[in-house]
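Worksheet: one structure, shown below.
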Amino acid sequence: MTNNIGRVISFEIGSKDLVATQEFYEKTFGWTFTDGLDGPGRPYGFANTPAGSAMPFGTSWDTDLTPTGTDIPAEYLAIILQVDDLKETCRLVEEAGGTVTVPPTTNEDGTADVAHVRDPRGVLLGLYCQNMATDSQPNPNPIPAELLDQKPLPDALLGRQEN
């Protein structure tokens, strides 16, 4: 049986004006942001919360890049839940009256599958499932040492979060 505990592991901010959104969180909560390879939220960036936060980072997304045919709002903040079996979780979401808004998709480097769903009341949630090697070892695709100084990586993974 799948252990779909739905542990909260991160958050995701989506915005059509990500610069203004980032300024709000920087000024209000002291967060910092890592630009994506093509600028803020392109294709994605990281939101770094201050040291001591129970959730040290999340992702940021420029919603102008949202694929057509998906039900992702122009502005949102969603929690990301980790599950063991993404396809089974999406099936359970629909069985419980929710909807799958972005079907399971493998991320760019193949280390995870992600999806967006809505609960029966319309609340947007992100789902994350780490792809495991056939030998079930954790982190089958570690970040290569030569990439640790490249962006985008969250400060928490780089070990640079300030106190």
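Values below: every heavy atom of this structure, side chains too, minus hydrogens, waters and symmetry copies. Just so you know, residue 1 is the first one in the sequence shown, and it goes up from there.
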Heavy-atom donor-acceptor pair, [X] side chain to [Y] backbone, under 3.5 Å:
{"X": "Thr49", "Y": "Pro56", "answer": "yes"}
{"X": "Ser10", "Y": "Phe57", "answer": "yes"}
{"X": "Glu75", "Y": "Lys16", "answer": "yes"}

List the atom of [X], the atom of [Y], and the distance in Å for their closest heavy-atom pair.
{"X": "Cys90", "Y": "Ala115", "result": "SG-CB, 4.1 Å"}
{"X": "Ile9", "Y": "Met55", "result": "O-CG, 4.0 Å"}
{"X": "Thr63", "Y": "Ala74", "result": "OG1-O, 2.9 Å"}

Using side-chain heavy atoms (C-beta onward) and a distance below 4.5 Å, is [X] in contact with [Y]?
{"X": "Val117", "Y": "Thr99", "value": "no"}
{"X": "Pro40", "Y": "Asp62", "value": "no"}
{"X": "Leu18", "Y": "Arg42", "value": "no"}

Next item on the list: Please work out which of the three classes, parallel, tilted or perpendicular, describes the rings of His116 and Tyr76, given edges at 30° and 60°.
Entry: perpendicular
Margin query: Which label fits Trp31 and Phe33: parallel for a plane angle under 30°, tilted from 30 to 60°, or perpendicular past 60°?
Written below: tilted
Would you compute the distance between atom [atom1] of [X] and atom [atom2] of [Y] and round it to the nearest 0.5 angstrom?
{"X": "Thr105", "Y": "Asp113", "atom1": "OG1", "atom2": "CG", "value": "8.0 Å"}
{"X": "Leu81", "Y": "Thr89", "atom1": "CG", "atom2": "OG1", "value": "9.5 Å"}
{"X": "Tyr44", "Y": "Thr34", "atom1": "OH", "atom2": "OG1", "value": "10.5 Å"}

Next item on the list: Would you sort out whether Leu127 and Val114 count as a side chain to side chain contact (heavy atoms under 4.5 Å, CB included), showing the intermediate values?
Entry: CA-CA 5 Å; Leu127 300 177; Val114 296; over 6 Å; no
